Q: 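Take a look at this one; I'll ask things after.
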There are 2 protein chains.
Amino acid sequence: MNADAQPSTDSSRAEARRSQILAAASDCFRAHGFHGASISQISKSAGMSAGHIYHYFENKEAIIAAIVGDDLDQLLTLSASWRAAADVLDAMLEGIEEGVGKKLDRNVASLKLEILAEASRNPEVAKIVRSVNQRCNSSISETLRLARAARGLSTDDTTIASIVEVMTAMFEGLLARSVRNPDFDAALIAAAFRRVVRDLVTGPGFEHVSRP
Amino acid sequence: MNADAQPSTDSSRAEARRSQILAAASDCFRAHGFHGASISQISKSAGMSAGHIYHYFENKEAIIAAIVGDDLDQLLTLSASWRAAADVLDAMLEGIEEGVGKKLDRNVASLKLEILAEASRNPEVAKIVRSVNQRCNSSISETLRLARAARGLSTDDTTIASIVEVMTAMFEGLLARSVRNPDFDAALIAAAFRRVVRDLVTGPGFEHVSRP
DNA sequence: TAACATAGAATGAGCGTTCAATCTAGAATA
DNA sequence: TATTCTAGATTGAACGCTCATTCTATGTTA
């Protein structure tokens, strides 16, 4: 089918098969969960024999790890793009609509929830999740620091970390909302989120935490 | 072991066995997930034979349904207690510390995440989750309406629903944070949450949603 | 005795994984 | 060009095990 002069790298064909398996596994995991989906199901969905999957992945756990890593990596590109914008806050506010829609998407949410549930009991998966989260958090922190510095607001670590934590909690909470209240208008949520994010980014810091 | 004069109702002994099974199942599901935990494990943890479990539950699915219902029911008591308070907003703000701590508790979070993941693919579980969510949402809505009415603020449905959705998203997002960033200081999160909740409850409404 | 509680073995299906056997297609050789 | 060689791709059966569930037999109690 492909008449390349050179058969390209060793991995060309193998890479295709590998991502073919990952795509099929992703579908199956979404539909039945990591433990509910079987290698046999995945192999059928990928159009190959069950045994052949073991030429590309050591075991089922390795497939899970690959999918978890791939899924979380997507987050990293997002905040990096904000930082490149002329006005950081504007870029963030404009990204909210898309961010809300994505987290509320049933297919997206279902796999992300499965990853979180698995991470809460599988140390290997937890390690991946936390490592990606760290890189993601420092990227968002840097973005936020820029936005506040441009407005002459405090940028101490406690303030920045607190704001980041609240904002990420808000967005990740939408995963739960997509299950609990799937018909709620995404535009309404986005509007409310915009106000909260704006207030957080342009509001006072959290240097002096005191019990009320 | 128990020398009651009357064996009490038919369910007395049976009820004890039932909750014995549910407690054991809850532990196992927390540790291995709904599909990762086996009836054999649950029976060992409950101190009875595997077959005997089927005298109290039709099948594994029924155990899952019972646990999901029990877990979610706890939410309902919370907002009802707020409403009884002298000042609703103060009661809510005071409840934040506890609410944050609870959602960040690894054991609690792990089961709740499992429930959400299961609900996103199991229609029976989804039905339970949504029904409890509806009752919970209207309870919080009523509480919020009181708080805003007492301050002469708008209480239209769109405003109330938007605020409720954002607040619940924040709190449920903590489930994800407990996995991603488990060591973050809960007091800092609570402080930030207090400000956001106060601003939302006492701020302008969302009657006129418009794109920026 | 009658009714329920309980244990434990039995069942058949499905699991993740392994492995020997085949297929395929290009390189090497003649 | 025709033939052989070879190494990777691929299959499908088989393995040992565990699963959820059912069945039968025995205790226990009232």
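Predicted model, so just to flag it, every value in this text is computed and none were measured. So you know, we letter chains A, B, ... as the sequences are listed, proteins then strands, and number each from 1.
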Q: End-to-end bend of the helix from C:dT1-D:dA30 to C:dA30-D:dT1 (five-pair axes, 10° rounding)?
A: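 Overall, the helix from C:dT1-D:dA30 to C:dA30-D:dT1 bends by 10° from one end axis to the other.
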Q: Which atoms of nucleotides 20-26 of chain C (N or O only) lie under 3.5 Å from a protein N or O atom, and what are those distances?
A:
none

Q: In whole angstrom, what separates B:Arg17's CZ from C:dT6's P?
A: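 Distance check: B:Arg17 CZ to C:dT6 P gives 4 Å.
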Q: Return whichever of A:Phe34 or A:His52 has its heavy-atom-nearest nucleotide of DNA chain C closer to the 5' end.
A: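 It is A:Phe34 whose nearest nucleotide is closer to the 5' end.
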Q: Going by the rule ring pair (Phe, Tyr, Trp, His ring centres under 6.0 Å), which residues pair with B:His52 if we only count those two or more places apart in sequence or in a different chain?
A: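 By the ring pair (Phe, Tyr, Trp, His ring centres under 6.0 Å) rule, B:His52 matches B:His55, B:Tyr56.
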Q: Write down the distance between NZ (B:Lys44) and P (C:dG8), rounded to a whole number of angstrom.
A: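 My rounded result for the distance is 12 Å.
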Q: Calculate the interatomic distance between B:Ile21 atom CD1 and D:dT21 atom P; express it in whole Å.
A: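 It works out to 13 Å between those atoms.
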Q: Round to a whole Å and report the spacing from NE2 of A:His32 to P of C:dC15.
A: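 That distance rounds to 10 Å.
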Q: Mind checking what makes side-chain hydrogen bond (donor to acceptor under 3.5 Å, both in side chains) contact with A:Glu124, not counting sequence neighbours?
A: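 Scan of A:Glu124 (side-chain hydrogen bond (donor to acceptor under 3.5 Å, both in side chains), adjacent residues dropped) gives none.
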Q: Report the residues that fulfil salt bridge (Lys or Arg N to Asp or Glu O under 4.0 Å) with A:Glu142, sequence neighbours left out, ordered by chain and then residue number.
A: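 So A:Glu142 forms a salt bridge (Lys or Arg N to Asp or Glu O under 4.0 Å) with A:Arg145.
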Q: For B:Ala46, give me all partners under side-chain contact (heavy atoms from CB on, under 4.5 Å), at least two apart in sequence or on another chain.
A: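 Per chain and number, B:Ala46 pairs via side-chain contact (heavy atoms from CB on, under 4.5 Å) with B:Ala24, B:Met48.
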Q: Of all residues at least two apart in sequence or in a different chain, which pass the side-chain contact (heavy atoms from CB on, under 4.5 Å) check with B:Ser19?
A: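 Here no residue qualifies.
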Q: Could you state the atom-to-atom distance from CD1 of B:Ile63 to P of D:dA20 in whole Å?
A: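 To the nearest whole Å, that distance equals 9 Å.
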Q: For A:Thr143, which residues count as a side-chain hydrogen bond (donor to acceptor under 3.5 Å, both in side chains) partner, sequence neighbours excluded?
A: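 Partners of A:Thr143 under the side-chain hydrogen bond (donor to acceptor under 3.5 Å, both in side chains) test: A:Arg83.
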Q: Which residues satisfy the salt bridge (Lys or Arg N to Asp or Glu O under 4.0 Å) test with A:Arg135, sequence neighbours excluded?
A: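 A:Arg135: salt bridge (Lys or Arg N to Asp or Glu O under 4.0 Å) contacts with A:Asp73.
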Q: Please name the pair of heavy atoms, one in B:Tyr54 and one in B:Asn59, separated by the smallest distance, quoted to 0.1 Å.
A: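 The answer is CE2-CA, 3.9 Å.
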Q: Across the strands shown, which category fits A:Tyr56 at heavy-atom distances under 4.0 angstrom: base, sugar-phosphate, nothing?
A: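 Since only primed, P, OP1 and OP2 atoms lie under 4.0 Å of A:Tyr56, the category is sugar-phosphate.
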Q: In residues 102-112 of chain A, what donor-acceptor pairs under 3.5 Å come from side-chain atoms, sequence neighbours left out?
A:
| from | atom 1 | to | atom 2 | distance (Å) |
| --- | --- | --- | --- | --- |
| A:Asp105 | OD1 | A:Asn107 | N | 2.9 |
| A:Asp105 | OD1 | A:Val108 | N | 3.0 |
| A:Ser110 | OG | A:Arg30 | O | 3.2 |
| A:Lys112 | NZ | A:Asp71 | OD2 | 2.9 |

Q: Tell me, please, which residues at least two apart from B:Phe171 pass ring pair (Phe, Tyr, Trp, His ring centres under 6.0 Å).
A: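 Partners of B:Phe171 under the ring pair (Phe, Tyr, Trp, His ring centres under 6.0 Å) test: B:Phe193.
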Q: Given D:dT21, C:dT6, D:dT11, identify the nucleotide with an atom nearest to the side chain of B:Tyr54.
A: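 Comparing D:dT21, C:dT6, D:dT11 against the side chain of B:Tyr54, the answer is D:dT21.
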Q: Is the number of heavy atoms from other residues, nucleotides or ligands within 6.0 Å of NE2 (A:His32) greater than 12?
A: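 No, not enclosed.
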Q: Check nucleotides 17-19 of chain D against the protein and report each pair of N or O atoms closer than 3.5 Å, with its distance, or say if there are none.
A:
| from | atom 1 | to | atom 2 | distance (Å) |
| --- | --- | --- | --- | --- |
| D:dC19 | OP1 | B:Ser38 | OG | 3.2 |

